[in-house]
Each structure stands twice: as structure tokens, then as C-alpha cells.
Amino acid sequence: NAGVTQTPKFQVLKTGQSMTLQCAQDMNHNSMYWYRQDPGMGLRLIYYSASEGTTDKGEVPNGYNVSRLNKREFSLRLESAAPSQTSVYFCASSEERTDGYTFGSGTRLTVV
Amino acid sequence: AQSVAQPEDQVNVAEGNPLTVKCTYSVSGNPYLFWYVQYPNRGLQFLLKYITGDNLVKGSYGFEAEFNKSQTSFHLKKPSALVSDSALYFCAVRISSGSARQLTFGSGTQLTVLP
């Protein structure tokens with residue numbers, strides 16, 4: 001089925017460890033996004049990529065890096081994980097400005 | 001800048017009664033407005049959107065939303081609530097012009113429909 005695929009679904013890290021969250025979409029969308037979801041705070045934008053080869057910071061970029069590997073894939077990297085990065089991470093993609101997002105199923109990350 | 005406010009963290013309604021989940025927005029320019037629903041341990045699912053035209057927008061699962069420009073609101077409504085409608089609902093806004101394409105989300109409203 002067409003959509004957005006995120007891996008892994010769950011991850012536990014120790015403080016200071018690094019990891020990369022993977023995201024791929026097969027809808028040929030130009031724009032891709034990474035959000036984090038925390039209780040009572042809704043979804044906050046970490047980074048986005050308006051098109052292949054471009055990335056921009058969102059509302060909460062500190063502690064993260066991203067790579068738009070090609071049109072399909074947009075990865076999020078935590079170089080040195082901190083407990084404050086415990087959250088649920090969602091990747092999304094969209095095409096036209098009038099379109100909503102298609103979301104992945106999320107990655108639940110716990111940093112201990 | 002663009003922002004969305006969902007003033008109610010929690011809404012409880014009896015099954016069969018009408019429901020309303022409130023949303024107000026702030027943008028510079030014309031807004032595109034969206035509602036999403038999230039079931040436990042799932043990603044967000046699109047419900048409906050307002051781009052232009054008729055102020056009453058109909059979406060999935062019998063939901064509708066009314067765009068009110070003068071009150072800068074986009075409240076989600078359903079005439080008769082079902083227990084299965086219990087979920088977390090998010091309102092989102094995007095500006096209709098300029099380089100920014102990202103959605104800004106509200107903090108979410110937990111809807112509980114009581115049997």
C-alpha cells in the first residue's frame with residue numbers, strides 16, 4: 001500500500017548514544033517533514049525538506065540533523081541522545097500546498 | 001507566523017449527542033485548515049480540509065467543520081457521536097502563499113464519547 005514507512009517502531013537509547021530514524025515515502029511527494037509529539041504539546045516541527053536536496057529547520061531543531069537522501073527518503077539523526085528527546089517521532093510527506101500530510105505510524109523513542 | 005489554538009484539552013460527550021471540537025487560528029494571509037484524528041499508538045489520519053469556497057466542509061466518518069473567517073475559527077462537528085469517535089483530534093493550519101509549506105498543529109483535544 002502507498003504511504004509513509006518509518007523504522008524502527010520502538011527504540012530505547014542510553015544518554016549519549018546516537019541513532020538514525022528512517023523514513024521513506026512512495027507517493028512521489030516533493031515535501032517531507034519530521035515532527036515530534038509530546039503530551040499536551042501537540043506536534044512540533046523538527047526539520048523539513050521542501051524538495052530533494054533542500055532541508056530547513058523547524059521549531060525545535062536543536063540536537064537533531066536530517067538528510068534528504070533522495071526524493072523518497074528523509075532521515076533524522078540524533079548524534080548524542082538526551083532524555084529530553086524521549087518522544088514519539090512522526091515523518092510525513094505532502095505534495096501540493098492544498099494537500100494535507102500523509103503520516104507514518106511513528107517511532108516511539110525512549111532515552112534513559 | 002502561523003498558529004493554532006485548541007482551547008479544550010478534553011471533551012466528553014454522550015453517545016448520540018452532537019459533538020464540537022474547537023479550533024481557532026492565526027495567520028498572515030489566507031489559511032488552509034485541516035483536521036486530523038489520532039487513535040492510540042497510531043499515526044495521524046486526515047479527516048477534512050478547508051481550502052476555499054463553501055464554509056461548511058464535509059469529511060470522513062460523518063465529520064464536518066465550519067470555517068468562520070470573522071471569528072478565525074474552524075470547529076469540528078458531528079451531529080451524532082459514536083463511541084468509536086473517541087480519539088485525539090488535531091487542528092492544523094498552513095498559509096496559502098509564500099515559501100513555507102509546513103503545517104502548524106494545535107495541542108490536540110482528547111474526545112471521549114461515553115456509552
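All chains are named by letter (A, B, ...) in the order of the sequence lines, taking the proteins before the strands, and each is independently numbered beginning at 1. Values reported hereafter were calculated over all heavy atoms of this structure, with side chains retained and with hydrogens, waters and symmetry mates removed. All figures in this text were calculated on a predicted structure; none of them were measured in a lab.
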Assigning hydrophobic clusters by single linkage (Ile, Leu, Val, Met, Phe, Trp, Tyr; side-chain heavy-atom cutoff under 4.5 Å), is [X] placed with [Y]?
X	Y	result
A:V88	A:L45	yes
A:V60	A:L78	yes
B:L19	B:Y39	yes
B:Y32	B:L47	no
B:V93	B:V21	yes

Please classify the contact between [X] and chain B as side chain, backbone, both or neither, with a heavy-atom cut-off of under 4.5 Å.
X	result
A:R44	neither
A:L43	both
A:E59	neither
A:S94	side chain

Minimum-distance pair of heavy atoms, taken over all atoms of [X] and [Y]:
X	Y	result
B:L103	A:Y35	O-OH, 2.6 Å
B:Q102	A:Y101	CA-OH, 3.3 Å
A:F90	B:Q38	CZ-NE2, 3.4 Å
B:S107	A:G40	CB-O, 3.7 Å

B:Y36 and A:F103 aromatic centres sub-6.0 Å: yes
Inter-residue atom distance A:Q37.CD - B:F90.CZ, 0.5 Å rounding: 4.5 Å
A:R77, CZ: over 12 other non-hydrogen atoms inside 6.0 angstrom: yes
A:K71 atom NZ: more than 12 heavy-atom contacts under 6.0 Å: yes
Part of B:Q45 lying under 4.5 Å from any heavy atom of chain A: neither
